[in-house]
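Side-chain atoms are counted along with the backbone in the values below, which use heavy atoms only and exclude waters and symmetry mates. Chain naming here is simple, since letters A, B, ... match the order of the sequence lines and numbering starts at 1 in each.
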Number of protein chains: 2
Amino acid sequence: MARERKFNTVDLFQAAKQLLLEYGYDGFTFSLLADRMDVSRAALYKYYENKEELITDFMIYEMELFLHELKEIEKLNGFDQQFDFLMDFIFTKTEIHHLIKAALHVLAKLEQTNINKEKLEKLPLEMYRYLNTFILKGKEEGKLKSHIPDSLIIGFILQTVAIPNHFGVPHQEWVNSIKEIIRQGMFNNS
Amino acid sequence: MARERKFNTVDLFQAAKQLLLEYGYDGFTFSLLADRMDVSRAALYKYYENKEELITDFMIYEMELFLHELKEIEKLNGFDQQFDFLMDFIFTKTEIHHLIKAALHVLAKLEQTNINKEKLEKLPLEMYRYLNTFILKGKEEGKLKSHIPDSLIIGFILQTVAIPNHFGVPHQEWVNSIKEIIRQGMFNNS
DNA sequence: AATATAAGTGACAACAATGTAACTTTAAAT
DNA sequence: ATTTAAAGTTACATTGTTGTCACTTATATT
């Protein structure tokens with residue numbers, strides 16, 4: 001008994017993602033999104049009470065997807081292979097880093113009453129906890145230095161994707177160098 | 001023959017800095033700044049044509065200050081001491097990292113006509129060039145691995161200040177661990 | 001004391017985003 | 001064919017920022 005929908009949620013999130021990466025959280029508006037979806041602005045209000053709710057919904061979707069894909073790591077044996085997988089994986093998902101940052105930005109402003117707040121707060125922690133088991137494995141296998149805090153190891157690895165390649169070093173060389181620094185540092189052994 | 005000024009540029013920049021870090025570039029408004037300075041909004045327009053001009057002026061001031069203080073590094077002898085100085089220095093100036101990011105954000109939107117554009121573009125490069133001589137020294141002394149791109153080494157070091165310390169690791173342990181990772185990596189030698 | 005002039009203010013129009021309410025359209029169910 | 005209800009649109013009031021202009025205030029110079 002209802003009319004056909006002009007757009008689906010996945011397409012909407014796709015467009016929202018592009019706009020968020022292009023304009024940032026503050027630059028993102030319903031007008032922009034409505035235009036891009038060829039739909040009236042008011043139509044969006046049928047599904048989302050406001051910008052916050054739409055964006056938090058989108059972020060939860062995006063981070064769950066990321067976490068789901070990350071779990072492929074379990075299929076690999078041994079820490080070394082998993083380390084390589086993780087590094088390559090996050091470099092195919094550089095956007096997630098920006099989105100997580102945006103998520104923190106949103107969280108700071110979020111109304112206490114927002115339904116999504118709790119869920120959105122949990123997801124980064126879940127990711128950390130998940131990666132933590134990976135770190136633990138590395139330490140148990142004697143691969144990772146045991147005296148370095150787990151959270152720093154995780155943060156360090158995730159942060160590398162945000163290093164700006166101002167001078168256009170070729171991607172593979174860039175990634176390989178980063179892996180080497182993480183593994184053995186940038187100093188020569190003396 | 002003129003009335004006394006209610007505020008000076010340094011105080012203004014101080015307030016602007018706080019507001020920028022608190023609200024981000026987009027959240028920063030003349031109303032906010034005027035309120036904080038106990039001055040009418042229109043008064044600000046006597047000195048700056050718009051938000052862009054004020055913020056770019058401020059950023060140039062801030063980055064020049066940073067660069068100036070960084071040059072203390074020249075008083076130290078040998079790469080090892082300079083490395084330590086640099087690491088400690090950027091950790092006393094974590095805001096500069098956010099400001100540089102904001103600067104890039106501004107640059108992207110800046111009108112071609114903006115007088116400050118050229119100058120603002122040059123400063124990060126100047127900083128890179130300056131740090132580059134430091135990197136070169138490390139390579140010449142045989143301390144730094146010569147096959148890792150200079151720009152990555154610099155970016156890597158600068159980026160470490162942005163790693164979020166979600167779990168509140170004590171500052172000194174945090175910084176020391178970062179130094180160790182940068183120097184020798186997070187893997188055990190095998 | 002008079003004056004010139006920079007410093008500062010208040011008020012206005014223009015613009016854009018937000019959220020809502022009354023309306024129209026479409027298609028499935030009866 | 002009629003009804004029903006969700007999908008979508010148009011139009012409006014509200015809010016806040018922006019930039020500008022005419023105006024007032026204060027002070028150094030004459």
Notebook entry, point to check: Nearest-Å distance, OH (B/Y48) to P (C/dA7)?
Noted result: 12 Å
Next item on the list: Examine distances only and state if a side-chain atom of B/K145 and a backbone atom of A/I181 form a donor-acceptor pair shorter than 3.5 Å.
Entry: no
Item checked: D/dA26 base / B/R3 side chain donor-acceptor hit below 3.5 Å -> no
Margin query: So A/Y47, base contact, sugar-phosphate only, or nothing? Heavy-atom distance under 4.0 Å.
Written below: sugar-phosphate
Item checked: Atom pair distance, as rounded to whole Å: CG in A/L33 and P in C/dT18 -> 11 Å
Check: Are any non-hydrogen side-chain atoms of A/E72 and A/K75 less than 4.5 angstrom apart?
Finding: yes
Please report, to 0.1 Å, the donor-acceptor pairs under 3.5 Å made by any side chain of residues 76-87 of chain B, with sequence neighbours excluded.
| from | atom 1 | to | atom 2 | distance (Å) |
| --- | --- | --- | --- | --- |
| B/D80 | OD2 | B/K143 | NZ | 3.4 |
| B/Q82 | NE2 | B/I73 | O | 3.2 |
| B/Q82 | NE2 | B/L76 | O | 3.1 |
| B/D84 | OD1 | B/K179 | NZ | 2.9 |

Next item on the list: Identify, between A/K46 and A/L32, the residue whose nearest nucleotide on DNA chain C lies closer to the 5' end.
Entry: A/L32
Margin query: So that I know where these two stand, are A/Y48 and A/F30 an aromatic pair - ring centroids less than 6.0 Å apart?
Written below: no
Check: Rounded to whole angstrom units, what separation is found between the CD atom of A/E53 and the C1' atom of C/dT18?
Finding: 15 Å
Note to self: Please report the distance, rounded to the nearest Å, between CG in A/L54 and P in C/dT18.
What the structure shows: 11 Å
Item checked: Heavy-atom side-chain proximity of B/I163 to B/W174 below 4.5 angstrom -> yes
Note to self: So if I take every side-chain heavy atom of A/T29 and compare against D/dT20, C/dG19, C/dA17, which nucleotide ends up nearest?
What the structure shows: C/dA17
Next item on the list: Would you kindly give the CG-to-C1' distance between B/L44 and D/dT17, to the nearest whole Å?
Entry: 13 Å
Margin query: Please report the distance, rounded to the nearest Å, between CG in B/N50 and C1' in D/dT20.
Written below: 13 Å
Next item on the list: Could you check how far CZ of A/F30 sits from P of D/dT9, rounded to whole Å?
Entry: 14 Å
Check: Quick check: are there more than 12 heavy atoms from other residues, nucleotides or ligands sitting under 6.0 Å from CD of A/E141?
Finding: yes
Notebook entry, point to check: Looking only at side-chain N and O atoms, does A/Y45 come under 4.0 Å of OP1 or OP2 in D/dT9?
Noted result: no
Donor-acceptor pairs under 3.5 Å, side chain of residues 57-65 of chain B to any protein atom, not counting sequence neighbours: which ones?
| from | atom 1 | to | atom 2 | distance (Å) |
| --- | --- | --- | --- | --- |
| B/D57 | OD1 | B/N116 | ND2 | 2.8 |
| B/E62 | OE2 | B/K17 | NZ | 2.8 |

Check: Considering only heavy atoms, which members of residues 4-23 of chain B lie under 4.0 Å from some atom of DNA chain C?
Finding: B/E4, B/R5, B/K6, B/F7
Margin query: Between C1' on D/dT18 and CD on B/E52, what's the gap in Å once rounded to a whole number?
Written below: 13 Å
